[in-house]
Amino acid sequence: MITSIVAGCSSSTNPDTPSTTGAGNAPPVSAAQVDATPSLAFTPPTIALNVGGTVTFAFGSVGHNVFFDNDPAGAPATIDGVNANTSVQRAFPVAGVYKYYCHIHPGMSGTIVVGGGGNTGDDSTSSSGYNRLK
Ligand SMILES: [Cu+2]
């Protein structure tokens with residue numbers, strides 16, 4: 001069980017770092033989990049994902065859904081209905097910033113940043129999207 005790597009207190013300020021996004025301190029990963037919690041939140045609220053990565057939406061005891069409003073190109077399929085006590089995976093093959101919303105609970109939303117948000121693929125190898133860190 002990966003319960004909590006909570007992005008609560010971060011030592012956030014590094015204004016001159018040429019880092020990828022403002023999405024948080026974590027480097028992009030190829031697989032991540034978002035918990036849709038009974039307290040009506042997606043946790044963590046922001047995920048940095050490699051292109052082609054997969055997110056598992058883990059629904060708890062309270063039902064939620066996931067809609068990619070504005071339906072940007074490359075967005076995965078909606079997770080419709082009322083989902084509780086289940087997990088649904090979605091892949092993100094296209095770089096971009098995807099905001100998603102629970103249509104049951106106004107204000108419940110999250111963001112998935114795929115590909116670092118501005119990565120023009122210098123000479124990184126294509127497959128896994130791992131850029132070497134520093
Ligand atoms: Cu909800």
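Note that ligands are numbered from 1 as they come in the structure, with each ligand's atoms numbered from 1 the same way.
- The shortest non-hydrogen separation linking T86 to N83 is CG2-CB, 4.0 Å.
- Among the atoms of H103, no N, O or S atom falls under 2.8 Å of the Cu ion (ligand 1).
- Restricting H105 to its N, O or S atoms, the one at the least distance from the Cu ion (ligand 1) is ND1.
- Relative orientation of the H103 and F67 rings is parallel, given thresholds of 30° and 60° on the angle between their planes.
- Legend: residues meeting side chain to side chain donor-acceptor pair (under 3.5 Å) with S39, ordered by chain and number and at least two apart, are T37.
- Nearest to the Cu ion (ligand 1), among the N, O or S atoms that H64 has, is ND1.
- Using a 30° and 60° split on the angle between ring planes, F68 and Y98 fall in the perpendicular class, above 60°.
- Rounding to 10 degrees, one finds that the Cu ion (ligand 1) sits at the corner of an angle of 110° between C102 SG and M108 SD.
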